[in-house]
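Scroll down for the structure; my scribbles are underneath it.
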Amino acid sequence: MLEIRFHGRGGQGTVVASKVLAFAVAREGRFVQTFPEYGVERRGAPVVAFTRIDDQKIYIRSKIYEPDHLLVLDPTLIGAIDVTEGLKPGGWIIINSDKPAKDFPQFAGFKVATVDATSIAVKHRLGSAAAPIVNSAIMGAFAKITGFVGIEAVREAVHELSPVKKDENVEAAQEAYDTAEVPKEQS
Amino acid sequence: MLEIRFHGRGGQGTVVASKVLAFAVAREGRFVQTFPEYGVERRGAPVVAFTRIDDQKIYIRSKIYEPDHLLVLDPTLIGAIDVTEGLKPGGWIIINSDKPAKDFPQFAGFKVATVDATSIAVKHRLGSAAAPIVNSAIMGAFAKITGFVGIEAVREAVHELSPVKKDENVEAAQEAYDTAEVPKEQS
Amino acid sequence: MKYTIPEQEIMCSGHKACQGCGATLAMRYALKALGPKTILTLPACCWSVIDGPFPYSAVGVPLFHTAFETAAAVASGIRAGLDMRGDTETNVVAWAGDGGTFDIGIQALSGTVERNDNVIYICYDNEAYMNTGVQRSSATPWGAVTTTTPARHFKQERKKDMIGIMAAHSIPYTASASVAYPEDFIRKLNIAKETPGAKFIHILASCPPGWKTAPELAIKLARLAVQTHVFPLYEIYEGRYYKLSMDPKKKPLIDYIKPQGRFRHLTEEQVAEMDKQVDERYDRLKEQAERSKSWFEAKKEK
Amino acid sequence: MKYTIPEQEIMCSGHKACQGCGATLAMRYALKALGPKTILTLPACCWSVIDGPFPYSAVGVPLFHTAFETAAAVASGIRAGLDMRGDTETNVVAWAGDGGTFDIGIQALSGTVERNDNVIYICYDNEAYMNTGVQRSSATPWGAVTTTTPARHFKQERKKDMIGIMAAHSIPYTASASVAYPEDFIRKLNIAKETPGAKFIHILASCPPGWKTAPELAIKLARLAVQTHVFPLYEIYEGRYYKLSMDPKKKPLIDYIKPQGRFRHLTEEQVAEMDKQVDERYDRLKEQAERSKSWFEAKKEK
Amino acid sequence: MQKVMMGNHALSWGAKLSRAEVIAAYPITPQTEVVELLSNMCADGSLKAEFIKVESEHSAMAASMGAAAAGARTFTATSSQGLALMHEVLHWATGARLPIVMGNINRAMAPPWTIWTEQTDSIAQRDTGWIQIYTSSIQEIMDSVIQAYKVAEQVYLPVMVVLDSFVLSHTNENCDIPDQDKVDAYLPRFENAYRLNTDKPAAFGGLTGPDWYYELRYKIEKDTERSLDLFEETGKEFGEMFGREYGLVETYKLDDADTVLVASASIASTARPAIDQLREEGHKVGLVRIRVFRPFPSELLRKLLAGRKKVLVIDRNISFGMSGAFYAETKAALYNEKKAPPMWGYIAGLGGRDVPLNVIRDMIEQTIAEEHPEGDIVWIGVKR
Amino acid sequence: MQKVMMGNHALSWGAKLSRAEVIAAYPITPQTEVVELLSNMCADGSLKAEFIKVESEHSAMAASMGAAAAGARTFTATSSQGLALMHEVLHWATGARLPIVMGNINRAMAPPWTIWTEQTDSIAQRDTGWIQIYTSSIQEIMDSVIQAYKVAEQVYLPVMVVLDSFVLSHTNENCDIPDQDKVDAYLPRFENAYRLNTDKPAAFGGLTGPDWYYELRYKIEKDTERSLDLFEETGKEFGEMFGREYGLVETYKLDDADTVLVASASIASTARPAIDQLREEGHKVGLVRIRVFRPFPSELLRKLLAGRKKVLVIDRNISFGMSGAFYAETKAALYNEKKAPPMWGYIAGLGGRDVPLNVIRDMIEQTIAEEHPEGDIVWIGVKR
Amino acid sequence: MSEEIKWESQSDMPLMAMSLGRMTVNKTGSWRNLRPVLDKEKCIKCGICWKFCPDVSISIDEEDYPVVNLDFCKGCGICATECPKDAIEMVKEE
Amino acid sequence: MSEEIKWESQSDMPLMAMSLGRMTVNKTGSWRNLRPVLDKEKCIKCGICWKFCPDVSISIDEEDYPVVNLDFCKGCGICATECPKDAIEMVKEE
Ligand SMILES: Cc1ncc(C[n+]2csc(CCOP(=O)(O)OP(=O)(O)O)c2C)c(N)n1
Ligand SMILES: Cc1ncc(C[n+]2csc(CCOP(=O)(O)OP(=O)(O)O)c2C)c(N)n1
Ligand code: SF4
Ligand code: SF4
Ligand code: SF4
Ligand code: SF4
Ligand code: SF4
Ligand code: SF4
Ligand SMILES: [Mg+2]
Ligand SMILES: [Mg+2]
């Protein structure tokens with residue numbers, strides 16, 4: 001079973017990102033479970049979501065305390081909270097950032113990749129410039145970098161889950177997929 | 001333990017009559033329990049109430065199915081319903097009626113006494129002529145005929161329980177007491 | 001014989017109301033107007049008893065007894081259910097007392113009216129909680145005695161203006177009525193039947209034990225309430241256009257007050273105070289009716 | 001600096017409201033007017049979250065969180081409890097959203113007002129159930145989209161006229177207000193403090209996520225609501241005497257509609273329809289204010 | 001002072017003697033006399049209290065909460081439909097830790113409409129956290145109101161004093177009204193340490209996440225359990241001052257009993273003469289009357305019932321699909337006991353069906369006659 | 001059709017597939033998505049139903065009653081405070097014998113305000129006569145709504161489909177949406193034989209005295225008990241048609257288990273991998289998930305649990321002063337059994353406190369380690 | 001006219017408390033203290049008494065005279081009070 | 001200013017969920033995307049920005065200039081919109 005944790009802020013599409021993964025994985029015929037850490041937070045506050053992926057029916061229904069991998073939709077969270085809490089050694093940390101992975105030395109022991117999802121989102125006019133919605137882009141990059149899910153399934157999931165600007169979202173995912181660099185340390 | 005059942009119609013003061021007995025008995029330092037057969041009947045419909053009297057605390061809280069004695073506040077009930085249902089042989093049946101006891105041959109096996117409580121009530125202007133309230137008068141007669149309770153206690157109880165015309169009610173009770181004839185068959 | 005109200009009796013004899021019960025007459029008239037294609041829902045009130053115990057009923061139309069606070073909502077549900085099953089004809093009527101309408105049922109009623117659900121809500125108003133033995137409701141008039149407003153501390157608040165509240169909801173049609181004026185009541189129910197959306201009718205229903213009056217005076221008092229301007233008969237269209245159903249020359253208030261035990265304790269000054277309230281309200285009504293005249297004329301022309 | 005509203009801050013920073021929350025400003029102003037000798041009771045609403053989680057609070061006065069339908073009744077209880085313990089001074093305030101007032105709380109409110117209990121009821125109106133994610137309430141304006149009135153089937157009913165309903169209750173004092181006009185709001189609260197009995201204040205509180213607007217426009221929109229006559233500011237004394245707090249020259253309705261996502265789907269005709277409703281209502285208000293003039297003059301003379 | 005009084009008036013007197021300061025109530029048969037007497041007492045000044053004439057029961061409880069939160073001693077009373085309409089707010093009073101005392105007259109739930117006695121209305125509130133006292137005489141009703149405040153104000157939890165409709169509410173009986181002075185000594189003025197206080201502003205009931213909600217519930221549980229001891233203590237103290245002692249349960253001829261009847265309220269009262277008769281006929285029968293149903297006196301019941309030959313429980317309530325509550329919970333309490341006796345469960349008297357002495361005898365005799373309980377529950381007296 | 005769906009939407013889909021005709025509901029977190037999706041479905045015509053946007057939950061249930069009494073298939077959904085506010089009307093729906101189906105998202109009761117999961121809200125309705133199904137996966141939620149109608153309309157009783165807030169309501173999971181045709185075949189249009197009908201006018205719910213009320217309750221009890229069989233039957237039939245079978249309980253690795261965990265809802269789901277682990281470590285542990293809590297499957301539980309070495313019950317609910325409901329009632333069900341195993345009771349996860357796999361393991365291991373249960377109930381994980 | 005409904009057992013009863021007969025089983029005439037007596041001389045056959053009877057106990061005969069059904073008349077006296085011609089007198093029941 | 005409140009166990013907590021501190025523990029400045037920046041040149045010290053700040057994040061300094069408390073300012077932009085002199089600009093936070 002794969003367990004993945006998503007970090008973002010209210011309004012960025014964190015929960016939708018986790019759903020994109022779930023929908024994509026399900027399209028590939030696997031089992032999936034995704035859920036937010038539900039608070040009553042208003043816009044701007046930190047948000048967490050979780051996804052489990054398996055080849056068989058998933059019964060465990062508690063939170064994920066020791067995720068295999070992380071997605072960080074908002075780099076300002078790094079430092080503000082301990083994003084790596086519980087993360088299994090060697091897990092992926094995929095960060096939305098315009099900086100290269102090596103600018104995150106604090107994550108030694110994990111596999112770090114970055115993607116400038118914000119720029120891609122802005123380019124495709126997803127959300128506003130002040131508050132871009134980055135979920136589609138980051139999930140495209142996730143597909144490329146981890147290989148846990150195919151880009152075709154991600155595109156379909158993005159299409160299904162985007163309430164508006166479906167095509168732009170799909171393109172953002174594709175662009176992120178196309179441009180994301182798979183860091184060398186990936187075995 | 002003595003168990004007494006009261007029969008009347010809504011609006012005649014049947015429940016109050018049972019309370020008069022209870023209050024009077026309690027004044028004499030005995031234990032008492034009285035309760036109506038509570039329906040949601042409107043004015044005019046048959047009403048039943050019960051009183052238990054004992055020298056010790058009363059625990060039984062079911063209805064009285066086999067009363068020792070009866071009071072009938074409205075003679076028109078006789079025939080309409082089976083007033084003697086369950087009445088123990090030899091029990092008193094005290095009837096508000098201007099007819100003598102012998103006019104109630106159907107009650108053979110019981111001790112019958114009558115009192116013209118209606119006339120006494122009308123005389124003392126209790127209720128209206130069309131709907132006189134007979135409870136005080138009949139309880140005065142009850143005290144005399146059965147001797148189960150003293151007239152002094154009945155007077156006090158009537159006084160306490162009459163919301164208006166306290167004195168008239170007391171007088172009605174006293175008059176009924178004074179004029180009631182104790183039938184010979186009383187042993 | 002020339003009948004002034006429909007001959008057909010849908011409600012039957014044998015019901016459990018007290019002698020001279022106005023609430024019962026209200027139902028008798030209402031069913032004459034509404035006819036057998038009517039479904040009633042009834043919250044807790046005297047009528048829950050009047051209609052009779054299981055397995056009997058006096059109304060002659062389907063009746064759903066319901067919880068005290070729910071009459072209007074149940075009516076909305078019945079309406080929706082019938083509509084979905086293709087019956088848009090049957091009248092759906094919530095029938096409630098003043099307590100079930102002015103107090104515990106006002107929220108559900110407000111909801112139904114706000115959604116403008118196609119139901120008729122009829123409040124028979126005997127001005128207190130009678131079924132539980134005469135306790136104060138917000139429909140109890142100022143000055144009245146009930147078991148929760150003893151003479152020493154009689155009702156201090158004025159009667160809630162339920163029709164005014166309904167009008168503030170912009171209800172398509174609302175009207176007052178009295179059991180002393182069955183023809184008027186029936187006419188209003190016929191308008192209600194024809195008007196789509198929510199309708200509210202408030203009918204004064206005298207109650208001999210609750211008002212502490214002789215039963216034979218029940219109709220006389222219901223009439224006096226109108227004649228003394230205590231309970232004016234009027235209609236409001238679209239929550240705005242007022243029309244007095246009649247404008248009787250005012251009889252002295254005391255004619256209405258005196259026969260009623262519930263007002264027995266009132267001093268002359270207190271009655272005068274009450275009289276002032278009555279006149280004020282009546283004047284306002286007349287004013288509003290005056291202002292609405294042009295609208296009714298325009299309507300007639302159409 | 002010359003402050004136009006009291007300087008003292010009783011509410012503090014750090015609360016959980018969204019950016020640009022009008023409901024929060026309403027509270028900030030209200031506490032300025034009411035002062036620290038105030039007790040609040042709060043039913044379920046955005047403010048249940050805004051105030052902060054256990055063990056923190058943002059309001060700086062005692063606050064009793066309560067069940068959604070109970071604000072007014074709890075306030076009545078607090079009032080009675082304080083009175084019995086000899087404190088007749090402290091302001092007892094029920095603070096509720098439009099859902100908690102117009103819908104699920106209307107019955108308790110109606111009861112409190114009918115009994116004329118000495119409390120101030122403040123409804124901050126963001127025109128939907130915001131705390132649960134923007135569902136329709138009966139305060140939602142005609143035409144608006146919410147999650148339960150999707151664009152395809154936008155809200156079909158007009159906004160409930162809560163102040164009218166309160167007026168029909170003969171409430172001693174009721175008024176509308178807007179977060180864009182804090183001085184006016186505070187003035188009205190001062191009147192409410194001085195008036196014995198029940199008071200109802202209805203304040204429009206813009207809500208950026210619920211109205212689908214940019215947060216920086218929150219005040220501008222609350223002002224435009226007044227300027228376009230959509231949400232007139234007025235007072236009613238004794239349920240009868242109307243006074244417009246201001247009578248701005250009408251700005252085009254579209255100025256108010258356009259910046260709001262919840263109205264985006266409306267066609268030009270639909271906006272025109274809405275405009276007609278707005279004018280009708282405003283004209284009626286002006287008429288009523290006109291008719292009340294003599295009363296206010298008489299009052300001033302006293 | 002000796003009086004003959006109906007159960008409803010005993011409730012009102014209990015509130016008066018406890019010096020209730022705020023009363024918020026709504027009428028319902030068979031509770032109306034409680035409210036009527038109290039409004040008379042307020043009107044004639046014999047009780048210094050504010051009477052809030054609310055428009056519904058949920059406002060009755062809500063207003064009671066407000067008053068209690070403001071620090072006033074608060075009383076209300078209701079029955080059946082009214083109690084049910086309070087349900088949400090009942091949970092609230094518990095969570096807000098408000099020591100409100102309420103009388104509830106047990107009446108069967110509608111539909112069909114009914115006004116006669118049955119405990120399902122209050123049993124259905126067993127999960128709201130209200131402490132519940134089931135009374136069985138008029139005297140006990142009055143005394144229980146006073147004791148209820150004494151307990152409630154120590155554990156900051158609300159208490160319900162429960163009585164059968166008509167069988168107790170409308171029965172007139174000898175009753176001793178204690179002196180006000182002595183009641184004042186037993187139950188001093190209450191100073192609520194957590195009241196709404198502008199000198200110490202605090203918000204009550206704010207959002208609580210999974211981090212601490214659990215602990216707050218645990219505190220309620222612990223205080224609920226603490227009330228078990230408090231009932232015994234305050235009941236003894238009451239006995240010392242007024243000559244009438246109360247506890248969690250009342251027993252009758254229990255010592256040597258091999259067959260024990262567990263019952264409550266008026267049925268447990270009628271059970272005494274039934275037991276007397278059976279004793280005379282040579283059966284070793286005893287009675288445990290459960291007086292306090294919440295908290296459920298599990299430990300005490302284990303002590304009293306373990307090792308008996310047979311136990312039978314009569315329920316005048318029904319949880320459809322799971323027997324009566326007293327039966328189920330008595331079984332639950334004794335389950336892990338080594339010497340748990342076989343237990344019979346009977347449903348009787350729903351909707352006011354009378355439960356006379358001979359029917360109680362029937363149930364006891366059936367229990368004595370049977371080897372082992374059959375099935376889950378026996379409905380006594382259904383016209384089949 | 002395969003979809004990934006959240007629990008709330010599964011409820012909506014269940015209603016849609018059942019062709020609900022009237023929906024009356026009021027929003028409350030965490031139920032809002034149920035209502036939102038349904039109002040969308042009504043708006044876009046994919047569901048032909050009237051949506052009544054009521055002003056409160058008691059009107060939601062009241063309007064549902066009206067619609068059901070008029071003969072329409074009726075659906076609603078709520079949670080916690082909303083469910084509690086319906087309490088009086090819940091009793092009504094039962095007594096009026098209306099086959100309404102309602103979704104309830106388990107959320108802890110306020111105060112303090114909370115939105116996280118706990119079963120006390122629905123457990124507190126256990127005495128209202130509503131049938132209750134506790135689900136434990138998204139798929140089961142949808143399927144249970146359909147099955148609920150199938151049962152409800154045969155016994156003329158209302159059914160509640162219950163799910164954990166967030167843990168199920170907001171979890172997205174693989175889910176198969178059955179074909180409408182097949183659902184129509186499984187669940188044909190309902191003709192209510194007792195509907196309000198002007199051709200056959202009758203009054204429903206009129207005053208009933210002690211003479212017949214008791215018998216009417218008995219009829220409810222019998223039909224409630226009949227639903228036990230119906231759940232097994234309709235669950236099998238569902239399995240035959242849709243490939244997913246449901247019953248009163250679900251068991252896991254039970255056959256040879258000497259220690260059995262009894263649990264429900266999402267905890268019972270997480271329990272499976274916990275049991276797998278313990279099995280691997282050599283412990284003979286099994287699971288009974290109680291799916292239908294009302295009627296309580298007493299007889300079946302006796303069959304499954306009698307003779308085991310140990311049983312433990314986890315409750316995510318609390319009846320203050322009387323443990324959790326599943327524990328108490330499971331004990332009650334097995335009480336008179338000759339081979340009643342000792343039974344442990346644990347409270348866990350109130351107010352949304354997470355109950356992870358290792359905490360479930362802890363409880364099982366504690367049970368295995370202990371000789372005999374101590375005291376009445378163990379609160380797991382309180383920060384003491 | 002409805003007959004009284006008697007069951008032997010719960011199995012004879014309907015599922016819920018629904019009405020199967022009409023309240024005319026309930027002969028409310030027994031509540032009466034005063035009986036309305038018509039004076040045909042005075043009666044103008046206006047039907048007002050019929051109109052205001054709360055107990056539906058007045059019918060109109062072929063000659064258009066009101067007829068009281070004593071099985072149900074509760075003796076409230078409304079008919080007598082409302083009769084414009086005082087054609088109805090309330091007399092005491094024996 | 002309130003400190004964060006930490007307990008070890010339930011026994012440290014109050015009886016019920018009551019507030020013991022103020023929400024100023026909650027530094028909402030982190031929510032901000034845009035930061036209000038004052039141009040003192042333009043400012044006429046009217047206080048309107050202070051008046052309309054929903055987050056009580058503007059105070060007035062000794063010179064009567066508005067000062068934003070960035071610990072709490074959520075960046076809603078109301079102050080900038082309402083300023084009659086456009087003296088406040090919203091700039092993107094890094
Ligand atoms: C929730 C609830 N509270 C209280 C009652 C008790 N109750 C039944 S009828 C009634 C009074 C009804 O008054 P109203 O609506 O005016 O009708 P009336 O009896 O006067 O005809 C009351 C208080 C109830 N049935 N349900
Ligand atoms: C009985 C009950 N039903 C539903 C809810 C859920 N609920 C909480 S707040 C809310 C909406 C409040 O709307 P409003 O009063 O307008 O305040 P707002 O959130 O818009 O500020 C709802 C539906 C609840 N808490 N209690
Ligand atoms: S109490 Fe009044 S309303 Fe009720 S039945 Fe009697 S007369 Fe009619
Ligand atoms: S949703 Fe609206 S009312 Fe609620 S906190 Fe946000 S802005 Fe304020
Ligand atoms: S007395 Fe009353 S009941 Fe009898 S006929 Fe006349 S109006 Fe009808
Ligand atoms: S009211 Fe009088 S005159 Fe008219 S029909 Fe009746 S009896 Fe005859
Ligand atoms: S941006 Fe908003 S929160 Fe920040 S200071 Fe300006 S008004 Fe206040
Ligand atoms: S609103 Fe503008 S001009 Fe006025 S004080 Fe603020 S910054 Fe200065
Ligand atoms: Mg009434
Ligand atoms: Mg709102």
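Here is the naming used below: chain letters follow the sequence lines, and residue numbers restart at 1 for every chain.
Highest contact tally toward chain E, considering only F/Arg353, F/Glu118, F/Met343, is held by F/Arg353 [criterion: heavy-atom pairs under 4.5 Å]. For the options F/Thr117, F/Leu90, F/Asp127, F/Asp121, heavy-atom pairs under 4.5 Å to chain E are most numerous at F/Asp127. Of the listed residues (E/Phe204, E/Tyr218, E/Phe296), the one with the most heavy-atom contacts under 4.5 Å to chain F is E/Tyr218. Of the listed residues (E/Ile318, E/Asp211, E/Leu216, E/Ile123), the one with the most heavy-atom contacts under 4.5 Å to chain F is E/Asp211. Heavy-atom pairs under 4.5 Å with chain E peak, among F/Gly321, F/Ala84, F/Pro210, at F/Pro210. When F/Thr208, F/Ile377, F/Asn336 are compared by the number of non-hydrogen pairs under 4.5 Å with chain E, F/Asn336 comes out ahead. With respect to chain F, the highest number of heavy-atom pairs below 4.5 Å among E/Pro341, E/Gly129, E/Gly345 belongs to E/Pro341. Your options are F/Ala93, F/Pro112, F/Gly95, and the one with the most heavy-atom pairs under 4.5 Å with chain E is F/Pro112.
If you measure heavy-atom distances from E/Leu83 to chain F, you find no contacts under 4.5 Å at all. Neither the backbone nor the side chain of E/Asp223 comes within less than 4.5 Å of any heavy atom in chain F. In this structure, chain F has heavy atoms under 4.5 Å from both the backbone and the side chain of E/Leu334. Neither the backbone nor the side chain of F/Asp354 has a heavy atom closer than 4.5 Å to any heavy atom of chain E. Heavy-atom distances place both the backbone and the side chain of E/Ala108 under 4.5 Å from chain F. Neither the backbone nor the side chain of E/Pro297 comes within less than 4.5 Å of any heavy atom of chain F. Neither the backbone nor the side chain of E/Trp130 comes within contact range of chain F, judged by heavy atoms closer than 4.5 Å. When heavy atoms are compared at a cutoff of 4.5 Å, E/Glu225 does not approach chain F at all. For chain F, the nearby part of E/Lys338 is the side chain; its heavy atoms alone come within less than 4.5 Å. With a 4.5 angstrom heavy-atom cutoff, E/Ile220 touches chain F via backbone and side-chain atoms both.
When all heavy atoms are compared, the tightest approach of F/Ala96 to E/Pro111 is N-CG, 3.4 Å. Looking at every heavy atom in both residues, E/Ala332 comes nearest to F/Ala328 through CB-O, 3.4 Å. Scanning both residues, E/Met109 and F/Tyr213, for their nearest heavy atoms gives O-OH, 2.6 Å.
Here the straight-line distance linking atom OG1 of F/Thr114 with atom CH2 of E/Trp212 works out to 15.5 Å at 0.5 Å rounding. Rounding to the nearest 0.5 angstrom, the gap separating the CH2 atom in E/Trp379 from the CZ atom in F/Arg217 is 8.5 Å. Atom OG1 of residue F/Thr330 and atom NZ of residue E/Lys331 lie 11.5 Å apart, to the nearest 0.5 angstrom.
Within the structure, ring-ring contact (aromatic ring centres under 6.0 Å, His included) contacts touching residues 324-356 of chain F (residues at least two apart or in different chains) are F/Tyr134-F/Phe326, F/Phe293-F/Phe326. Sorted by first and then second residue, the pairs that involve residues 373-384 of chain F and meet salt bridge (Lys or Arg N to Asp or Glu O under 4.0 Å), not counting sequence neighbours, are E/Arg302-F/Asp376.
More than 12 heavy atoms of other residues, nucleotides or ligands lie within 6.0 Å of CD in E/Glu370, so this atom counts as buried by the packing criterion. Within a 6.0 Å radius of CD in E/Glu299, no more than 12 heavy atoms belonging to other residues, nucleotides or ligands are found.
Side chains of E/Pro295 and F/Phe320 form no contact here, defined as non-hydrogen atoms less than 4.5 Å apart. The closest side-chain heavy-atom distance from F/Ile347 to E/Tyr214 is below 4.5 Å. Side-chain contact between F/Glu88 and E/His87 is absent, with no heavy atoms from C-beta onward closer than 4.5 Å.
For the side chain to side chain donor-acceptor pair (under 3.5 Å) with F/Ser319, the lone residue among E/Glu221, E/Arg126, E/Arg294 that qualifies is E/Arg294.
Between the E/His58 side chain and the F/Leu85 main chain, no donor and acceptor come within less than 3.5 Å of each other. Panel note: side chain F/His91, backbone E/Ser80; no donor-acceptor pair is recorded below 3.5 Å.
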